[in-house]
Amino acid sequence: MKLGSIVVIIWLVLGTFAAFQRDYLTGDNTSCAKAGTIAVTILAGPLNYLGANPKVRDCDLPKPSS
């Protein structure tokens with residue numbers, strides 16, 4: 001159980017580092033697509049260093065009911 005937790009933490013840290021290197025975590029321009037791109041980059045983890053470049057281009061959120 002401890003080994004699995006350590007692997008998951010390292011996976012997410014590598015994904016966060018990849019997002020930081022791609023300058024996804026800087027700037028004031030925040031949108032749903034940018035937040036989605038950050039999330040999938042972090043979840044891809046070390047796959048980012050093997051050529052994966054996940055991006056979210058279109059993000060449609062449901063509108064609140066009136």
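No hydrogens, no waters, no symmetry mates; every other heavy atom, side chains included, goes into these values.
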Locate the shortest heavy-atom distance separating [X] from [Y]; write the atom from each residue and the value.
X	Y	answer
Cys59	Ala33	CB-N, 3.8 Å
Asn48	Gly15	ND2-CA, 4.2 Å
Pro46	Leu14	CB-CD1, 3.9 Å
Pro54	Ala52	CD-C, 3.6 Å

Checklist line | Option among Ile10, Ile9, Val8 that satisfies the side chain to side chain contact (heavy atoms under 4.5 Å, CB included) test with Ile6 | finding: Ile10
Item checked: Passing option when Tyr24 is tested against Ile42, Thr41, Thr16 for side chain to side chain contact (heavy atoms under 4.5 Å, CB included) -> Thr41
Notebook entry, point to check: Can you get from Leu47 to Ile38 by hopping between Ile, Leu, Val, Met, Phe, Trp and Tyr side chains that sit under 4.5 Å apart?
Noted result: yes
Notebook entry, point to check: Would a hydrophobic clustering, with Ile, Leu, Val, Met, Phe, Trp and Tyr connected at side-chain separations under 4.5 Å, put Phe17 with Leu50?
Noted result: no
Note to self: Pair Lys34, Ser31 - check side-chain contact (heavy atoms from CB on, under 4.5 Å), show working.
What the structure shows: CA-CA 5 Å; Lys34 185 172 181 178; Ser31 66; 3.6 Å; yes
Next item on the list: Step by step, work out the side-chain contact (heavy atoms from CB on, under 4.5 Å) result for Asn53 and Arg22.
Entry: CA-CA 10 Å; Asn53 189 13; Arg22 294 177 180 172; 3.0 Å; yes
Next item on the list: Report the distance from atom CG of Asp58 to atom CG of Asp60, rounding to the nearest 0.5 Å.
Entry: 4.5 Å
Margin query: Are more than 12 heavy atoms, taken from residues, nucleotides or ligands other than Phe20, located less than 6.0 Å from that residue's CZ atom?
Written below: no
